[in-house]
Number of protein chains: 2
Amino acid sequence: MAPDRRRMIVEAATKSFSLFGYKATTMDQVAKLANVGKGTIYTFFKNKEELFEEIISSLVKEMIAEADSVINPELPFTENVHRALYRLLEFRSRHQLMIKLVQEEAEMGTLAVSEMLQHVEDEIIGYLKEKIETAIAKGAIPAVNSEITSFLLLKMYIALVSDWEKNHDPLSSEQIAEIMKVFLLKGLPKGT
Amino acid sequence: MAPDRRRMIVEAATKSFSLFGYKATTMDQVAKLANVGKGTIYTFFKNKEELFEEIISSLVKEMIAEADSVINPELPFTENVHRALYRLLEFRSRHQLMIKLVQEEAEMGTLAVSEMLQHVEDEIIGYLKEKIETAIAKGAIPAVNSEITSFLLLKMYIALVSDWEKNHDPLSSEQIAEIMKVFLLKGLPKGT
DNA sequence: TCATTGACTAATTTGGTTCTACGGTCAATT
DNA sequence: AATTGACCGTAGAACCAAATTAGTCAATGA
């Protein structure tokens, strides 16, 4: 016995956050689920928020791995952007913890949750930014401002994948790819 | 005397909504500001919300007129899109009533206010959609889905003008025009 | 000796109640 | 007929006691 207590705690907390959200998860609950005394949690984590941070950190790593897995260096840059972003947003909208956190932010506005989701967004933008800078260095795309461009790309995807659904039928992956191709690849004007 | 009571009421309500927001404006307050009995308001408007609707309706008309005023048929389509959208968002971000309503939605989530702002957004998208369809008919741009495209264009502008400011220094008009040009005009890939 | 524990505390949240002030009505007034 | 403001029912603000929670630390035992 004496299995890795730290791991037990993180697993229990992840399960509880996913099921009940951040606020509704109590430290007593986590301790019980993890089969440790409550004090033990505080030997590994300064407080509830730090425990949360560690879990989100893993989540981000998972997301980046997901995105990387669909990137294919032989494909054109814009195709990879689309694949990576689409995978990231799909992950976000299917992952139980993410669903719960987005929901909690919307209906309770928990501060710690808002901060974490902002952090996740920043990480995604950072990831994109890196890819864009590589593409610029390779001469694949013009020397745009990588920070603003990645920010805008993410916003465009969220608009198409999430915002659109609030008032319309969801768009298929193909439709989204089609729209993005117009903007990313060709620009609007015909001929010129 | 006996000046247009209806006009007095609308003016008083507009002033009060702009100053205090929708919820914090009471019908007693509007009546006092307009120098009429409260009952009089209800001879012109079914209820508070209908009074609000009339005011928002005028606001939208004002916005459309603003946008039209900067459109120049001799300029290329994308330039006009940029000018119109920029003017619309500038109007939105300078107009006292709009500022107050956006603020009220963010910090109090007043339902009637959310609905009105959604309505304003729909009107703007409708306006854009019309312009896009004309451009398609003229062969100036490819036959994209005008609904989705106008939706996405608006979201891109809001991202650059408003969302960006939440975590960064505001972008200048020139910077925004520059970014949009990349997406609207050329698309990202260099050479192809 | 030192990791682990859970009873404990201060702080926050909840749930139940009261009461204020609001939107809307309508009999009285002009 | 048009206008008014006193009046009504009620949504939600304000209040408070009770319950719950995050975090601590003296006691425990391996």
Side-chain angles (χ1 to χ4, degrees), chain A residues 1-17 19-56 100-101 103-105 107-116, chain B residues 1-56 100-101 104-105 107-116:
Chain A
M1 276 302 155
D4 190 347
R5 287 164 140 55
R6 195 178 201 282
R7 170 174 294 282
M8 300 291 288
I9 291 166
V10 170
E11 268 171 25
T14 303
K15 195 173 286 178
S16 186
F17 285 147
L19 235 49
F20 309 113
Y22 179 74
K23 265 201 84 174
T25 290
T26 69
M27 295 303 262
D28 281 299
Q29 164 121 240
V30 173
K32 189 164 280 180
L33 264 172
N35 280 314
V36 299
K38 187 160 59 150
T40 307
I41 300 177
Y42 289 87
T43 66
F44 293 111
F45 302 95
K46 208 175 81 227
N47 52 37
K48 188 180 180 183
E49 189 147 354
E50 208 174 72
L51 172 58
F52 190 34
E53 267 167 34
E54 163 130 351
I55 287 166
I56 294 296
K100 200 72 205 177
L101 293 180
Q103 188 187 327
E104 185 172 347
E105 175 177 45
E107 59 196 39
M108 315 183 25
T110 316
L111 184 64
V113 171
S114 296
E115 285 171 0
M116 280 303 146
Chain B
M1 277 298 157
D4 191 349
R5 287 167 139 58
R6 195 178 202 282
R7 170 175 296 281
M8 300 291 290
I9 291 166
V10 170
E11 268 171 24
T14 304
K15 195 172 287 179
S16 186
F17 286 146
S18 300
L19 235 49
F20 309 113
Y22 179 74
K23 263 201 85 172
T25 290
T26 70
M27 296 302 263
D28 282 297
Q29 164 121 238
V30 172
K32 189 163 280 180
L33 264 173
N35 281 314
V36 298
K38 186 160 57 149
T40 306
I41 300 177
Y42 289 88
T43 66
F44 293 112
F45 302 94
K46 209 173 82 227
N47 52 37
K48 188 179 181 182
E49 189 148 353
E50 210 174 70
L51 172 59
F52 189 34
E53 266 167 36
E54 163 130 351
I55 288 167
I56 294 295
K100 200 71 204 179
L101 293 180
E104 185 173 348
E105 176 177 44
E107 60 196 39
M108 316 182 27
T110 315
L111 185 64
V113 171
S114 296
E115 284 170 2
M116 279 305 146

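None of these values were measured; they are calculated from a predicted model.
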Which nucleotide wins on minimum distance to the side chain of [X], given the candidates [options]?
{"X": "A:Arg5", "options": "C:dT25, D:dT3, C:dT4", "value": "C:dT4"}
{"X": "B:Asn47", "options": "C:dG24, D:dT3, D:dT24", "value": "C:dG24"}
{"X": "B:Val36", "options": "C:dT13, C:dT4, D:dT4", "value": "D:dT4"}
{"X": "A:Lys23", "options": "D:dA22, C:dG23, C:dT13", "value": "C:dT13"}

Any side-chain N or O of A:Thr40 less than 4.0 Å from the OP1 or OP2 oxygen of C:dT5? yes

Nearest-Å distance, [atom1] ([X]) to [atom2] ([N])?
{"X": "B:Leu111", "N": "D:dA11", "atom1": "CG", "atom2": "C1'", "value": "14 Å"}
{"X": "A:Phe20", "N": "D:dT21", "atom1": "CZ", "atom2": "C1'", "value": "16 Å"}
{"X": "A:Ile41", "N": "C:dG6", "atom1": "CD1", "atom2": "P", "value": "12 Å"}
{"X": "A:Met27", "N": "D:dT24", "atom1": "CE", "atom2": "C1'", "value": "13 Å"}
{"X": "B:Lys32", "N": "C:dA21", "atom1": "NZ", "atom2": "C1'", "value": "14 Å"}
{"X": "B:Glu49", "N": "D:dA11", "atom1": "CD", "atom2": "P", "value": "16 Å"}
{"X": "B:Phe45", "N": "C:dG23", "atom1": "CZ", "atom2": "C1'", "value": "16 Å"}
{"X": "B:Tyr42", "N": "D:dA1", "atom1": "OH", "atom2": "C1'", "value": "21 Å"}

Side chain proximity check, A:Glu105 to A:Tyr22, heavy atoms < 4.5 angstrom: no

4.5 Å side-chain heavy-atom contact, A:Thr25 and A:Phe52: no

To the closest 0.5 Å, what do you measure between CG (A:Leu19) and CZ (A:Phe17)? 12.0 Å

B:Leu33 CG to B:Lys15 NZ distance, which is reported to the nearest 0.5 Å: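 B:Leu33 atom CG to B:Lys15 atom NZ measures 7.0 Å (nearest 0.5 Å).
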
Which is true for A:Lys46 with a 4.0 Å heavy-atom rule: it touches a base, it touches only sugar-phosphate, or it touches nothing?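 The answer is nothing, as A:Lys46 stays clear of every strand by at least 4.0 Å.
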
Scan B:Thr26 against the nucleic acid and name what it touches under 4.0 Å (heavy atoms): base, sugar-phosphate only, or nothing.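 If one applies the 4.0 Å heavy-atom cut-off, B:Thr26 turns out to touch the sugar-phosphate alone, with no base involved.
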
Kindly indicate, with the supporting measurements, whether the criterion side chain to side chain contact (heavy atoms under 4.5 Å, CB included) is fulfilled by B:Lys100 and B:Ser18. CA-CA 6 Å; B:Lys100 200 71 204 179; B:Ser18 300; 5.6 Å; no

When you match A:Phe44 and B:Tyr22 each to their closest nucleotide on DNA chain C, which lands nearer the 5' end?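 Its nearest nucleotide lies further toward 5', so the answer is A:Phe44.
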
Looking only at N and O atoms, is any donor in the side chain of A:Lys38 or the base of D:dG23 less than 3.5 Å from an acceptor on the other one?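 Checked by distance alone, the answer is yes.
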
